[in-house]
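Every value quoted in this text rests on a predicted model; they were computed, and no experiment measured them. Index from 1, following the sequence.
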Amino acid sequence: MTTPSPTSASLDALARDILARNDRGGYTVPNEKVYPFQWNWDSAFVAMGFAVLDIERAWQELETLFLGQWDDGMVPSIVFHKPAANYYPGPSAWGTTHEPPTTGISQPPVAATAARVVFEADPDRARAEARLRALLPKLVASHRWWHEIRDPDGTGLVAIVHPWETGRDNSPEWDAPLAAITPTVDVAALRKDKTHVNASERPTDAFYNRVMTLVEEAKALHWDGKAVARSLSLRVCDVGVQSILVRADHDLHHLATLLGFADEAAALAGWIERSTKGFDRLRGDDGIWRSLDLRSGKLAASVSSGSFLPLYARVGTREDADHLAALLDRWGSVTSYAVPSSDPFAETYDPHRYWRGPVWLVVNRMIVDGFATAGRLDVADRIAAQSRELVGRHGFCEYFDPRTGDALGGRDFSWTAAMWLAWLARPDAGHAVTG
Ligand code: DGY
């Protein structure tokens with residue numbers, strides 16, 4: 001007997017229900033058990049989902065995220081609005097002084113792109129303008145933080161100082177930079193994630209000890225943004241963050257111009273020009289973009305799903321898109337679902353372990369946008385169709401096995417539900433996010 005596949009209408013209803021259950025009143029938790037607070041890039045994608053259901057709630061999602069913004073412009077990776085015992089590392093492990101409590105690091109800056117999606121979906125123009133006018137200076141401050149504090153020498157490459165800032169936490173790209181760190185803490189016994197998710201699907205203890213060592217280093221610097229940017233033991237230009245930032249720069253430039261924020265638009269145009277040139281330093285000899293260890297000067301040995309994201313940043317040519325499409329075809333010869341988070345031919349590939357192989361739908365959404373914009377609608381349509389199939393067959397989980405599609409990580413996941421509503425449920429799912 002075969003199980004009938006769910007209809008689009010029943011998936012819509014399930015997705016709405018997940019967002020409703022994960023809604024904490026103004027912000028959404030990614031997943032009740034594993035991630036009980038507000039996460040930065042999760043919220044930006046969730047706002048895109050709410051834009052289909054409830055515009056007022058979509059604006060709120062972004063506004064509550066910015067309650068965590070620091071004076072120097074940084075938008076933290078997590079805002080701890082209310083205490084929850086089932087997560088490590090919580091506020092005391094970070095030792096920051098912000099109120100509401102936050103981490104001391106950031107995450108991929110999707111918020112400006114989300115603000116554009118919400119703005120364009122809002123049928124009430126007066127409300128949309130008022131909400132955007134209030135949010136826009138905060139968004140610009142967060143982009144200034146990336147381009148100035150995290151690129152203090154104006155090189156056009158922004159640095160991440162902690163693997164969690166990439167959102168692709170334990171990607172093999174960070175193996176070499178992390179190997180150079182001698183752990184000073186052992187946090188294995190403090191971890192809570194492994195009580196909610198199978199340990200084989202989560203990062204290792206060796207990884208946690210190293211990333212928490214970086215937190216201790218930053219605490220010793222009293223979380224001073226400039227000092228942290230210059231002196232932490234890990235400093236990498238992540239091709240994913242760099243791409244997501246430049247794409248968001250374009251969206252924010254569009255919004256700033258529309259609303260008459262001339263100085264802000266000029267600053268954004270300058271950052272776009274400088275950072276677009278920066279991508280030249282991320283190309284490997286094979287023409288594929290990679291992350292760059294800014295301390296050792298070495299490009300990452302491994303190619304990841306991040307390598308496809310420059311197309312989303314509007315960087316590269318049709319030839320680059322063709323080259324990446326050929327790479328994806330090679331990967332497709334050993335996987336059934338695009339896009340594995342890491343090269344399936346590499347020794348480091350692990351199809352179950354978080355960002356070392358599994359498929360993540362938010363990344364697929366950005367990769368589809370890039371291929372569609374570069375003129376490869378065939379590839380974009382194929383990834384969208386496989387993504388739709390993953391949700392239809394395996395549900396709204398956190399990530400998926402690229403060979404079988406099996407559900408991995410947390411269940412009833414907010415951003416997967418949001419990607420269904422904002423993207424996969426639409427007939428034009430093989431197209432770009434915005435203009
Ligand atoms: C986690 O706890 O796994 C998060 O990804 C860190 O932000």
Side-chain angles (χ1 to χ4, degrees), residues 40-41 44-45 48 75 106-114 116-117 139 142-143 145-147 150-151 155-160 163-169 171 173-174 236-254 268 271-284 287-294 299-300 302-321 323-325 327-328 338-343 355 360-374 376 379-380 383 432-435:
N40 178 336
W41 73 326
F45 286 113
M48 296 180 193
V75 183
S106 196
Q107 251 192 343
V110 183
T113 301
R116 181 171 176 184
V117 170
L139 286 164
S142 71
H143 283 230
W145 177 83
W146 277 111
H147 287 290
R150 286 306 182 84
D151 182 12
T155 62
L157 294 178
V158 299
I160 59 96
W164 284 341
E165 291 195 312
T166 70
R168 296 180 300 113
D169 298 10
S171 167
E173 290 154 285
W174 330 132
V236 171
C237 176
D238 163 24
V239 64
V241 163
Q242 172 89 8
S243 300
I244 290 168
L245 174 65
V246 172
R247 167 51 188 270
D249 284 337
H250 280 288
D251 289 320
L252 196 48
H253 179 263
H254 171 86
L268 283 156
W271 294 328
I272 290 170
E273 197 188 339
R274 189 171 76 187
S275 300
T276 299
K277 287 194 192 121
F279 279 89
D280 291 344
R281 289 180 51 209
L282 303 183
R283 272 197 204 265
I288 303 288
W289 289 284
R290 287 170 164 76
S291 296
L292 177 67
D293 185 336
L294 296 168
L299 285 173
S302 61
V303 173
S304 71
S305 52
S307 299
F308 296 85
L309 292 177
L311 298 179
Y312 169 75
R314 308 294 186 256
V315 172
T317 60
R318 166 66 189 242
E319 274 172 17
D320 290 314
H323 196 41
L324 287 168
L327 176 69
L328 200 59
V339 176
S341 44
S342 196
D343 179 355
W355 290 93
W360 296 72
L361 290 197
V362 291
V363 177
N364 278 8
R365 204 299 160 246
M366 296 186 283
I367 293 175
V368 162
D369 173 291
F371 274 121
T373 307
R376 288 300 304 260
V379 184
I383 301 171
V433 183
T434 51

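Of all heavy-atom pairs between Arg283 and Leu299, the closest is O-CD1, 3.4 Å. The two residues Thr166 and Pro108 make their nearest non-hydrogen contact at O-CG, 3.2 Å. Scanning both residues, Phe279 and Ala313, for their nearest heavy atoms gives CZ-CB, 4.3 Å. Gly240 and Leu309 make their closest contact through CA-CD1, 4.0 Å (heavy atoms, listed as atom of the first residue, atom of the second, distance). Nearest heavy atoms, Ser291 versus Val236: CB-CG1, 4.3 Å. Shortest non-hydrogen contact noted between Ala159 and Leu294 is CB-CD1, 3.7 Å.
Side-chain contact check for Asp343 versus Leu327: every heavy-atom pair is 4.5 Å or farther apart. For the pair Arg281 and Thr155, the minimum side-chain heavy-atom distance is below 4.5 Å.
Judged by distance alone, with hydrogens and angles left aside, the side-chain atoms of Asn40 form a donor-acceptor pair with the main-chain N or O of Val75 at under 3.5 Å. Side chain of Glu173 to main chain of Ala300: no donor-acceptor pair is present (N/O by atom type, distance under 3.5 Å, no hydrogens or angles). Remark: the backbone N or O of Gly167 is paired with a side-chain donor or acceptor of Trp355 at under 3.5 angstrom. Side-chain atoms of Asp251 do not come within 3.5 Å of backbone N or O of Ala114 as any donor-acceptor pair. Checked by atom type and distance alone, the side chain of Ser275 never pairs as donor or acceptor with a backbone atom of Gly278 at under 3.5 Å. Arg290 places no side-chain N or O within 3.5 Å of a backbone atom of Val303 that could act as its donor or acceptor partner. In this structure, Thr276 contributes its side chain and Glu273 its backbone to no donor-acceptor pair below 3.5 Å. A distance-only check finds a donor-acceptor pair linking the side chain of Asp369 to the backbone of Val433 [under 3.5 Å]. Between the side chain of Gln242 and the backbone N or O of Val158 there is at least one donor-acceptor pair closer than 3.5 Å.
To the nearest 0.5 angstrom, Ile272 atom CD1 is 4.5 Å from His250 atom NE2. Separating the CE atom in Met366 from the CH2 atom in Trp360 is a distance of 11.5 Å, to the nearest 0.5 Å. From Trp289, atom CH2 reaches atom OG of Ser304 across 13.0 Å, with rounding to the nearest 0.5 Å. In this structure, the separation between CG on Leu282 and CD1 on Ile288 is 12.5 Å, given to the nearest 0.5 Å. One distance of note links OG1 of Thr113 with CG of Asp249; it measures 9.0 Å at 0.5 Å rounding.
Among residues two or more places apart in sequence or in another chain, the salt bridge (Lys or Arg N to Asp or Glu O under 4.0 Å) test is passed with Asp151 by Arg274.
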### Query
Between Trp146 and Ile160, is a side-chain contact (heavy atoms from CB on, under 4.5 Å) present by the stated rule, with each step listed?
CA-CA 9 Å; Trp146 277 111; Ile160 59 96; 4.1 Å; yes

### Task
Begin from the C-alpha positions of Glu165 and Asp238 and carry the test side-chain contact (heavy atoms from CB on, under 4.5 Å) through to its verdict.
CA-CA 9 Å; Glu165 291 195 312; Asp238 163 24; over 6 Å; no

### Query
Given the rule in the side-chain contact (heavy atoms from CB on, under 4.5 Å) test, do Trp164 and Gln107 qualify, once you have shown the distances and angles that lead to the verdict?
CA-CA 7 Å; Trp164 284 341; Gln107 251 192 343; over 6 Å; no

### Task
Any chance you could lay out the side-chain contact (heavy atoms from CB on, under 4.5 Å) test for Ile367 and Leu328, step after step, and finish with the verdict?
CA-CA 11 Å; Ile367 293 175; Leu328 200 59; 5.6 Å; no

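Phe371 and Phe308 have tilted rings, their planes meeting at an angle from 30° to 60° on a 0 to 90° scale.
Side-chain contact of Arg168 with Ser341: a donor-acceptor pair under 3.5 Å is absent, judged by distance alone. When only modelled atom types and interatomic distance are considered, Thr373 and Arg314 share a side-chain donor-acceptor pair under 3.5 Å.
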